[in-house]
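This report concerns only the one structure given below.
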Amino acid sequence: WGAAGHAVVGLVAQTLLPPGAARLVGELLSGSTLGDVAAWADTVKRKGPLAYTFDYHFADAHDDPPRDCNFDDARDCPTGACLVGAIANYTRQAGCTGPRLLPRAQRAQALKFIVHFLGDIAQPLHLFLRGRGGNDQKVVFDGMPMSLHAVWDTGMQRDVRAAGRPEKRIRSDFGGSKDSYAAHLVAQIRAAAWGDASAWISPFGPDDTNARGNSLAAIEWAVEANAIGCWAAWAPYDADPAQDFGAAYYRDAVRVVDHQIARAGVRLADWISRIAAACR
Ligand code: DCM
Ligand code: DCM
Ligand code: DCM
Ligand code: ZN
Ligand code: ZN
């Protein structure tokens, strides 16, 4: 997601945090909210001392979408240098279950990575090798050239960096307000618009990892987002790569964007509340 999508994931989660978890967040972030810090990880991944985190924003399924979609942790993240490994690593750094508590600044930074990566793992195109997650598929969205990846990251929502680009969902339905969009998603969650949201919570928790050190819950989320990307992102792309993606493609895919951002917000609130429970 772009900055707006990440912020909305954070805003949804912040609203759903139980009091103990909200206290931990307030302490570590010095009063900033999950919405404030959600996009930070994208600002440090390209250059500077944290450039090694670039690969942590996605996980390349070596599958063949849309004919055959699957995410296989052993095949697709063997070294842990991808989303499902990064989520385990930063969860450990932020929490209180290790041999000793890490310095506060390191825990705060780890929390900011968690907020971001639980968003990225719900963006279906972050779970595909094909076209580097759709970056190589050059398409048109409401008359503007962009990659298929950018259609999902920003085109369908709103990129605060680029006023001239589409702000489709947030602009056309929420008056340009991320807060209104987040409030709408929270209302949908509470009304069980997608069914019981507690079913989105993995039986695996922050401490559950496999032999590669990858997060078992994150692997479930990766498998799910890859399967969704198969029919929601790739099949309608291949049906007509020359279409304007702001029309029929948008109308179908934006429902999936809502669902995935809502899922990410619910999972993030639960994840942080479980981390906080181990800190008391
Ligand atoms: N992003 C951001 N701030 C930056 C760089 C990127 O908020 N300084 C967000 C908006 C982008 C998204 O990250 O659309 C995806 O990053 P990119 O496509 O540049 O890798
Ligand atoms: N922070 C951020 N984005 C914001 C506000 C704050 O990434 N919009 C980060 C910077 C710090 C942490 O949150 O690491 C706490 O911020 P501060 O100490 O400035 O309140
Ligand atoms: N990306 C991805 N899968 C890849 C490579 C990149 O999902 N295999 C994401 C990371 C950025 C965006 O795509 O958010 C832009 O990547 P790039 O800077 O490589 O064009
Ligand atoms: Zn992206
Ligand atoms: Zn990212």
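Both ligands and their constituent atoms are indexed starting at 1 by order of listing. Treat the numbers as computed from the prediction; the structure is a model and nothing was measured.
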Between Ser202 and Trp221, do the side chains contain an N or O donor and an N or O acceptor separated by less than 3.5 Å? no
Distance check below 2.8 Å: does Asp153 bring an N, O or S atom to the Zn ion (ligand 4)? yes
inquiry  = Heavy-atom contact check, 4.0 Å cutoff: does Lys45 meet ligand 3?
reply    = yes
Flag for Asp63-Asn70: side-chain donor and acceptor within less than 3.5 Å: no
>> I'd like to check Trp1 versus Asp42 (side-chain heavy atoms, cut-off strictly below 4.5 Å). Are they in contact?
In response: no
In Asp120, the N/O/S atom nearest the Zn ion (ligand 5) carries the name OD2
| Any donor-acceptor pair under 3.5 Å linking the side chain of Asn89 with the backbone of Gly85? | no
* To do: Please determine if the Zn ion (ligand 5) has an N/O/S atom from His116 lying under 2.8 Å away.
  => yes
Give a yes/no verdict on whether any heavy atom in His126 is under 4.0 Å from an atom of ligand 3. yes
Under 4.0 Å from one or more heavy atoms of Asp60, ligand 3 contributes atoms 3 (N), 4 (C), 8 (N)
Under 4.0 Å from one or more heavy atoms of Phe54, ligand 3 contributes atoms 18 (O), 19 (O)
_Under-4.0 Å salt bridge between Arg104 and Glu27_ = no
Asp238/Arg130 ion pair, N-O < 4.0 Å: yes
Closest to atom 9 (C) of ligand 3 by heavy-atom distance, out of His57, His149, Gln123, is His149
Note: ligand 3 atoms sitting under 4.0 Å from heavy atoms of Arg46 are 18 (O)
Distance col, row Leu118:CG vs Arg267:CZ, nearest 0.5 angstrom, shows 8.5 Å
Lys/Arg N to Asp/Glu carboxylate O, Asp64 vs Arg67, below 4.0 Å
yes
- [ ] Please determine if the Zn ion (ligand 5) has an N/O/S atom from His57 lying under 2.8 Å away.
- [x] yes
Atom name of the N, O or S atom of His149 nearest to the Zn ion (ligand 4) is NE2
